Amino acid sequence: VKEKGGNNYQLYTPSMNEKLREQLSLEKDLHNVLENQELLVYYQPKVDINTENIMGMEALLRWKHPQEGMISPAIFIPLAEENDCILKIGEWVLRTACHQNKQWQDAGYEPVCVAVNISVRQFQQPNFVELVAKVLEETELNPKYLELEITESIAVEDINYTIEVLNKLKDMKIKIAMDDFGTGYSSLSYLKKFAIDNLKIDQSFVRDIISDQNDAAIAATIIAMGNSLNMKVTAEGVETKEQWDFLKDQKCDYVQGYLFSPPVPSMEFEKMLRKSR
Ligand code: C2E
Ligand code: CA
Ligand code: CA
Ligand code: CA
């Protein structure tokens, strides 16, 4: 067997065949997740690093598969992105998250922003802006309490189109976050042209921030750059007090991570909201 890389061929094994079959059947099941009501939205708090108040939350999909149990979005989102499934699933998350946020506001909790992940494929739909406007209208959520998380891969496509869409969203007062920042290929000059409110440091830089000087330097640089470009900076995947303190020293604004809370079902999130302020 040749090394991976070079010619990039791998030995065919029965277990790979099995994996492939599994994937194919998951892909088939994906078409019915909405009809079968198998999707759930979990919420993870985004916390002010200085006050520890909950400033917002990220909506994260969960798939409760009748046979396979809970399936991670890291597995099924890429599958859904290969076909149009991601469009209806994406619309459903957006509507569910906006509706939930509005309900919490109506119940009297301090209003916070809900962040929803948007796939490139969704963003590129010609009616994307109209769809977001429609969902906001239907759910009656004030647009300033919605944040859309996009990734740098958006910049690989038509830059002028991307800028145009982002500006329309900004005009509607919707917030934009650049997710997984530093892992993609976007040029820094785009960052300035895109109407970005929030820069999210990818958890791969946060993980070893205490032990790895390079990661520490990268995180510190992203924070300094975000601050000087008037963006808020959020660190993802904060699991320890040491990471939190380091990020606080560097003037990071917000943190998300297991140290404060993992993503939780809406009922549990509401309990945190009740305690927060
Ligand atoms: P992401 O947008 O980068 O989301 C952050 C991921 O980090 C989440 O994984 C979250 O559960 C996890 N995480 C949070 N805190 C910690 C921590 O302290 N340590 C560690 N190790 N992990 C932490 P999750 O929920 O499995 O989601 C994986 C990815 O799936 C997301 O990465 C996002 O790219 C995608 N995804 C999830 N929901 C949606 C969605 O509604 N739409 C789209 N397009 N993508 C989604
Ligand atoms: Ca995200
Ligand atoms: Ca992320
Ligand atoms: Ca990620």
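Basis for what follows: all heavy atoms, side chains included, without hydrogens, waters or symmetry-related copies. Every value quoted in this text rests on a predicted model; they were computed, and no experiment measured them. Start at 1 and go down the list; that is how both ligands and their atoms are numbered.
Closest to atom 46 (C) of ligand 1 by heavy atom, among Val238, Ile77, Thr151, Leu60, is Ile77. Here the shortest heavy-atom distance to atom 39 (C) of ligand 1, taken over Ile71, Asn117, Val116, belongs to Asn117. The heavy atom nearest to atom 35 (C) of ligand 1, considering only Ala59, Gly257, Pro73, is found in Pro73.
Taking distance alone, with nitrogen or oxygen atoms compared against 3.5 Å, Glu81 stays at or beyond that limit from ligand 1. Annotation: Ile118 places no N or O atom under 3.5 Å from an N or O atom of ligand 1; distance criterion only.
By the 4.5 Å heavy-atom criterion applied to side chains, Asn117 and Leu60 are counted as neighbours. Here the side chains of Glu152 and Phe194 are not in contact, with every heavy-atom distance at 4.5 Å or above.
Clustering of Ile, Leu, Val, Met, Phe, Trp and Tyr by side-chain heavy atoms under 4.5 Å joins Leu40 with Tyr42, Met70.
In the hydrophobic cluster analysis, where Ile, Leu, Val, Met, Phe, Trp and Tyr join through side-chain heavy atoms closer than 4.5 angstrom, Tyr258 is grouped apart from Phe205.
Salt bridge Lys200/Glu236: present, at least one basic N to carboxylate O contact under 4.0 Å. Salt bridge Glu138/Arg95: present, at least one basic N to carboxylate O contact under 4.0 Å. A salt bridge links Glu270 with Arg274: the distance from a Lys NZ or Arg NE/NH1/NH2 to an Asp or Glu carboxylate oxygen falls below 4.0 Å. The pair Lys88-Asp84 does not count as a salt bridge, with every side-chain nitrogen at least 4.0 angstrom from each carboxylate oxygen.
Heavy-atom distances between Gly90 and ligand 1 stay at or above 4.0 Å for every pair. Distances from ligand 1 to the non-hydrogen atoms of Gln256 include no value under 4.0 Å. Taking a 4.0 Å cut-off on heavy atoms, Lys200 fails to register as neighbouring ligand 1. Using a 4.0 Å cutoff on heavy atoms, Arg62 counts as a contact of ligand 1.
Numbered from 1 in the order shown, with element, the atoms of ligand 1 that lie under 4.0 Å from a heavy atom of Glu239 read 17 (C), 18 (O), 19 (N), 20 (C), 21 (N). Numbered from 1 in the order shown, with element, the atoms of ligand 1 that lie under 4.0 Å from a heavy atom of Pro263 read 11 (O). Interface atoms of ligand 1 facing Ser119, defined by a heavy-atom separation under 4.0 Å, are 44 (N). Ligand 1 places these atoms under 4.0 Å from at least one heavy atom of Asp180: 3 (O). Every atom of ligand 1 with a heavy atom of Glu58 under 4.0 Å away is listed here by number and element: 2 (O), 4 (O).
With a heavy-atom cut-off of 4.0 Å, Arg207 does not touch ligand 1 at all. Residue contacts with ligand 1, taken as heavy atom pairs separated by less than 4.0 Å, involve Val93 solely via side-chain atoms from C-beta onward. At a heavy-atom cutoff of 4.0 Å, ligand 1 is contacted by no atom of Leu259, backbone or side chain. Contacts between Gln44 and ligand 1 below 4.0 angstrom, taking non-hydrogen atoms only, involve the side chain exclusively.
Judged as a salt bridge (charged side-chain N to carboxylate O under 4.0 Å, His left out), and not counting sequence neighbours, the contacts of Asp245 are Lys241. Listed by chain and residue number, nothing satisfies the salt bridge (charged side-chain N to carboxylate O under 4.0 Å, His left out) test with Glu68 (two or more places apart in sequence, or in another chain).
Only protein atoms were considered; those of element N, O or S under 3.0 Å from the Ca ion (ligand 2) number 4.
Under a 3.5 Å cut-off, the side chain of Trp244 and the backbone N or O of Ile49 do form a donor-acceptor pair.
Taking OG1 of Thr240 as the start and CD of Gln243 as the end, the distance is 3.5 Å to the nearest 0.5 Å.
Ring geometry for Phe123 versus Phe128: interplanar angle of 30 to 60°, hence tilted.
Atom CD of Glu35 has more than 12 neighbouring heavy atoms from other residues, nucleotides or ligands inside a 6.0 Å radius.
Looking at Thr183 and Asp202, their side chains never bring a donor and an acceptor atom within 3.5 Å of each other.
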